[in-house]
Every structure is written in C-alpha cells, then in structure tokens.
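Since the structure comes first, as structure tokens, the remarks are kept for the end.
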Amino acid sequence: YVLAGSTYLALLGVWEAVRGPALAQRPIVEVLRDWMPFALGVTITAAVAPLLFLQILYQRPFYTANLLLFHRWMAILPVLIVAFYLLYLQKSKRWHHFSAWIRAVVSVGILCCFAFVAWSWTENHLLSTRGQAVWTEVYGSNRWFYLDPELMPRLTVWYFGAFPVLAAALLAQFWTAGFTHRNADAKPDPITEPTIRTLAVLALGGLVASVAAGGGYFLFLEEPIRRRLTAPDVWPYLGAATLGLGVQAAIWYRVWRRASLSGRALACLCFV
C-alpha cells in the first residue's frame, strides 16, 4: 500500500505539474493522501517482529554480525522520519495552496524515501543469504552498499506485486466507505466507474509486470536453486500460485470490462 501508493501519487503529481489536474483520479488521490500516514504506521509496527526475531529464527550468525553495519541499515530511520512528515504535509489543508511543481517534488521525494527503504531491506536480506566469507569481505571493506545481481530482479518482483494489493485495498476502502455518485436516472453506487476501471488497470498491469519480473528473477538464480524450484514436490505450490494468479486476473478483467463490483468479487480478490 505504501510503496505502490506513493508511486501512484508521485506519477500523478508529475502529470498534473506538466499537463494539469487529473480530475478523474481525484477520488483515489484523496483516499491515498488521507490513509498513507496510517498505512506507514501499520507497516512500521508490523515490521518490528520480523526485525527482532526472524534473523534469530534463521539460526545463522548474521544477526549479530549485521550490527557491524549498523550505520548503513539504520539509515532507513531518518529516511522514514522525513517520509512520515512529508506524508502529513501531503495530507494537510495547506497542500492545495502549493504550486503544482512543489507538490510534484514532495510526492517524488516521498517515493524516493520508500524506494530507498525497499532497496535497503532487499539488499540486507540478500546479504544475509550469502556465506560468511561474503559477510567478512563486505564488513572488512566498510562498504555502504552490497551490490548483488539478484537485487534488482528480486526488488522488482515485490515492487510490481504491490500494485494489485493496493488496488484491492482501495476497492475495499471505497466499498466500505460508500463512495457514491448520483445522477437523475441512477441510484447511488458504492464506487464510480472511472475509479473502478483505473484500479482494475492498475491491478492487471501489476500482475503482468510481476510475472515478467518473476521470470527474470528466476534466470538470475543459481542453477541448484532453479532445479529445486522446479522439482516435482514443488509443483503443488507452483500450481496453487498459478491458479491464484489466474483467478485474480480473471476477476480484475471482469471488473474492468463491466466497470462494476460485487461484494463476492471483492471478497474473492481479498482472499486470493
């Protein structure tokens, strides 16, 4: 929600600075600006347990060795603090009094903060999966960045996969909040057709891009890992993932084509 939402706001901010207001996107923008600080707070809170315990459960000495690069990984804290305050600035009543270019710069700055955090955690995880010889070399050289061939492919899988999640979360928000549009001949609907189509396109594009990124990531993996991922005992998991992807894509396509949403379709999307 945070990473994909900040991307959406940043791209739309640049669009409005160059081309003018995008009125059709206003409902999505207003919800994102209102909920992004809360979503970031939930994200940080939910990350405490993995941060403290996951590396210990992994049962490798990386957790204590990782403290040697404390200055590198804790750089995310000031970055998140800046992002937090910028999110509240983006939510404030004075936001619309700023020029379009200032709003665009702030929105892009927020995206850069979250992209840096995503990059750092992906980088740290990949370093944790390497052997002690790699850890020693990295710590001994006191490098600030660990450049791994898998870093960008892995990051893009999670990055593009965030957009279907964002679209489903926004649909649920619109549905439960009862956003309506009215005209002389129609009853109120929970969500407008342009908003439904926009979210469906966002989700379908994210699904296609994440699958492509996953295929690219597979090619970067070492041969033993690729063989393990295609072993017969893994086929049920691959089948379940493929089935879930197909169901989600079919529902999103139906939502886009009909520009309507039912409660059952929303529940299925959230479940899948």
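Just so it is clear, the structure is predicted and the values come from calculations on it, not from any experiment.
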Gap separating the [atom1] atom of [X] from the [atom2] atom of [Y], nearest 0.5 angstrom:
X	Y	atom1	atom2	result
L40	T45	CG	OG1	9.0 Å
L238	T230	CG	OG1	8.5 Å
C113	L87	SG	CG	9.0 Å
L80	F114	CG	CZ	7.0 Å
L269	R264	CG	CZ	13.0 Å
I225	F220	CD1	CZ	13.5 Å

Below 4.5 Å, heavy atoms only, C-beta onward: do [X] and [Y] meet side chain to side chain?
X	Y	result
D233	R228	yes
V106	F98	no
L32	L166	yes
L202	T198	no
S107	I110	no
L199	F174	yes
W121	I76	yes
L207	F160	no

Does R254 CZ have over 12 foreign heavy atoms under 6.0 Å away? no
Would you say the side chains of S210 and Y159 form a donor-acceptor pair under 3.5 Å? no
For the residue pair Q173 and Y1, confirm or rule out a side-chain donor-acceptor distance under 3.5 Å. yes
[X] versus [Y], closest heavy-atom pair with distance:
X	Y	value
V255	A200	CG1-CB, 4.4 Å
A104	A17	CB-CB, 4.1 Å
S6	L111	OG-CD1, 3.6 Å
C268	I251	SG-CD1, 3.3 Å
R154	T122	CD-CG2, 3.9 Å
L126	Y146	C-CE2, 4.3 Å

Any donor-acceptor pair under 3.5 Å from [X] side chain to [Y] backbone:
X	Y	value
W252	V201	no
W135	L127	yes
R33	K91	no

Could you go through S120 and F116, starting from their C-alpha distance and side-chain angles, then the distance that decides it, and tell me whether this counts as side-chain contact (heavy atoms from CB on, under 4.5 Å)? CA-CA 6 Å; S120 296; F116 172 76; 3.6 Å; yes
Audit row: W101, V14, side-chain contact (heavy atoms from CB on, under 4.5 Å) steps and yes/no: CA-CA 7 Å; W101 280 106; V14 174; 5.5 Å; no
Show your reasoning for whether side-chain contact (heavy atoms from CB on, under 4.5 Å) applies to E16 and V29. CA-CA 12 Å; E16 291 186 341; V29 170; 5.6 Å; no
[X]-[Y] co-clustered via ILVMFWY side chain contacts under 4.5 Å:
X	Y	value
F163	V247	yes
V82	F84	yes
I44	L86	yes
L221	L151	yes
M152	W158	no

Mind checking whether F38 and W35 have ring centres under 6.0 Å apart? yes
Name the one of E222, E123, E150 that satisfies salt bridge (charged side-chain N to carboxylate O under 4.0 Å, His left out) with R130? E150
Run the side-chain contact (heavy atoms from CB on, under 4.5 Å) check on I196 and W256 step by step: do they pass? CA-CA 7 Å; I196 289 180; W256 171 80; over 6 Å; no
Test Q90 against Y85 for side-chain hydrogen bond (donor to acceptor under 3.5 Å, both in side chains), laying out the working first. CA-CA 9 Å; Q90 195 173 235; Y85 280 104; over 6 Å; no
